Chemist: 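Following this message is one structure expressed as structure tokens.
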Protein chains: 2
Amino acid sequence: MNPALIKVMLVDDHPMVQDGLSACLSFYDDIAIVGNCGDGSAVLETAKQCQPNVILMDISMPKLNGLEATEIITESMDSAKVLIFSMHESAEFVTNAVQAGASGYILKDTNSEEVYQAIKSIAQGKSYFSSSIAKMLIDNPPAQANARLTAREQMILSYIAKGQSSKDIAQTLTISIRTVEAHRRNIKSKLNLDSLAELVRYAVNQGLIDS
Amino acid sequence: MNPALIKVMLVDDHPMVQDGLSACLSFYDDIAIVGNCGDGSAVLETAKQCQPNVILMDISMPKLNGLEATEIITESMDSAKVLIFSMHESAEFVTNAVQAGASGYILKDTNSEEVYQAIKSIAQGKSYFSSSIAKMLIDNPPAQANARLTAREQMILSYIAKGQSSKDIAQTLTISIRTVEAHRRNIKSKLNLDSLAELVRYAVNQGLIDS
DNA sequence: CGGAATGTCGGTAGTAGTACGGATTGTACT
DNA sequence: AGTACAATCCGTACTACTACCGACATTCCG
């Protein structure tokens, strides 16, 4: 086995994106695609079979989302580095990804050359972030990196995103409206989001809701 | 010029998807990629330069969305057929696309062989829909096809989904709050949705917002 | 021409959510 | 034992949104 060969595994639920990446990366002879996976829930199994050096991972996937999958991988396989491949350009996404153990974060609107560079960096143990990501982290430093919601807050948020009012949620969970409102405030404060609309979009993007 | 050559133009805001499609379709020698466009607002101009037979169009894009772009194209260029390339598998979405003048609708989780078949069909003047789409249309016939929002309503809805209040929207568009509220009511009534959360999810699913 | 749809605007009353304040329990970690 | 956090609850005043009613101008189509 060529020691300089970087074994890459793709995790994305869009075959076209997989095909595209495979095609683009096949031009580089120091990279080998050793596995594909269309769903986060099969990531660990596939990774153990393929033993990749780098896992190129989409965040938004059905069933298990990319952040959870990343957490599982980084906790159980030291050899595999995770490179997030996302279309979301928001500080929370990036910080969450880093907390989950990702080594890098690139956007889907980057070209194949940059994807190649990112994979090389990650394989060498370095980290890599899209330039626009780096710029955003400088402009908008992750002041509260601890923006993760508690289980209760996630539950409340999912009801909110489903369209239930605070009153409805209070009745469903048999707690006071004031409690629900307090959770609302805490969630918005933690996520630094002002409007209900942004909450809903966050919930949808996080996969807290079927949508 | 080879008369059997099908000229294809891509419209997608993700370079990786563009690269992937280009790479996959380059295997077929009766297809030529004659243009790329990363944004709906430049579609018409690019199409006039490239004179494509088939336009492969993503729906969710910043600025001008795919449905509006499709409408513009089909109204001003007879020669170009539009094939929608979407990740959304919902009945309203498909019917809206057809109403906008699209000749076909395939999902992003189809493989490159099916994309090729779809392009061929479209170029011959036929229509093409992913098999799962066809099945869905049979199982779930578009009961209220008349749920289509006007351009103004789509605009209002996109602002709502971005998190703006009626007051904000009124100021942005320099109209009265009451008008915005009236649009809100009409939109909810048309879509048969009660809550703001459902509106936001609808907007996100329809690709009216970057998200 | 007549009707339908669209986009515009208003009153009034009621409901929902927000922004300030607080407070009490329990659990969990040091 | 003490601190930190999660989860629960309350008062008050304010803002935003909703539901009902209405109106008028324009445009498009049969």
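Everything numeric in this text was worked out from a predicted model, so none of it was measured. Chain naming here is simple, since letters A, B, ... match the order of the sequence lines and numbering starts at 1 in each. The figures here come from the full heavy-atom set of this structure, side chains too, leaving out hydrogens, waters and symmetry mates.
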Chemist: If you compare all heavy atoms of A:Tyr128 against all heavy atoms of A:Ile122, which two are closest, and at what distance to 0.1 Å?
Modeler: N-CD1, 3.8 Å

Chemist: Would you check if the side chain of A:Thr46 reaches a backbone N or O of A:Cys37 as a donor-acceptor pair within less than 3.5 Å?
Modeler: no

Chemist: Would you grab the first and last nucleotide of DNA chain D (5' to 3') that comes under 4.0 Å of any non-hydrogen atom in chain A?
Modeler: D:dA6 to D:dT12

Chemist: Have a look at the helix from C:dC1-D:dG30 to C:dT30-D:dA1 and give the angle its two end axes make, five pairs each, rounded to 10 degrees.
Modeler: 60°

Chemist: Answer yes if the side chains of B:Glu113 and B:Gln117 hold a donor-acceptor pair under 3.5 Å, and no otherwise.
Modeler: yes

Chemist: At 4.0 Å (heavy atoms only), tell me whether A:Thr179 reaches a base, stays on the sugar-phosphate, or touches nothing.
Modeler: base

Chemist: Can a side chain N or O of B:His183 be found less than 4.0 Å away from OP1 or OP2 on C:dT8?
Modeler: yes

Chemist: Just the rounded figure in Å: distance from C1' of C:dG10 to CD1 of B:Ile175.
Modeler: 14 Å

Chemist: Would you check if there is a donor-acceptor pair between the side chains of A:Asp168 and A:Ser165 at a distance under 3.5 Å?
Modeler: yes

Chemist: Output the rounded distance in Å from CD1 (B:Ile156) to C1' (C:dT8).
Modeler: 11 Å

Chemist: Apply side-chain contact (heavy atoms from CB on, under 4.5 Å) to the pair B:Leu173 and B:Val180, showing each step before the final yes or no.
Modeler: CA-CA 9 Å; B:Leu173 301 178; B:Val180 180; 5.7 Å; no

Chemist: Extract from the structure each pairing of a protein N or O with an N or O of nucleotides 12-20 of chain C at less than 3.5 Å, listing the distance.
Modeler:
from   : atom 1 : to       : atom 2 : distance (Å)
C:dT12 : O4     : B:Arg178 : NH2    : 2.9
C:dG17 : OP2    : A:Ser166 : N      : 3.1
C:dT18 : OP1    : A:Lys188 : NZ     : 2.0
C:dT18 : OP2    : A:Arg184 : NE     : 3.3

Chemist: Verify, without hydrogens or angle tests, whether A:Asn36 (side chain) and A:Leu10 (backbone) share a donor-acceptor contact under 3.5 angstrom.
Modeler: no

Chemist: Between A:Arg201 and A:Glu198, does at least one N-O distance fall below 4.0 Å, as a salt bridge requires?
Modeler: no

Chemist: Can we say A:Glu181 and A:Arg184 salt-bridge, meaning some charged N sits less than 4.0 Å from an Asp/Glu carboxylate O?
Modeler: no

Chemist: Taking the side chain as every heavy atom from C-beta outward, state whether B:Asp30 and B:Lys120 have any atom pair closer than 4.5 Å.
Modeler: yes

Chemist: Could you check if a side-chain atom of A:Leu56 sits within less than 4.5 angstrom of a side-chain atom of A:Val115, using non-hydrogen atoms only?
Modeler: yes

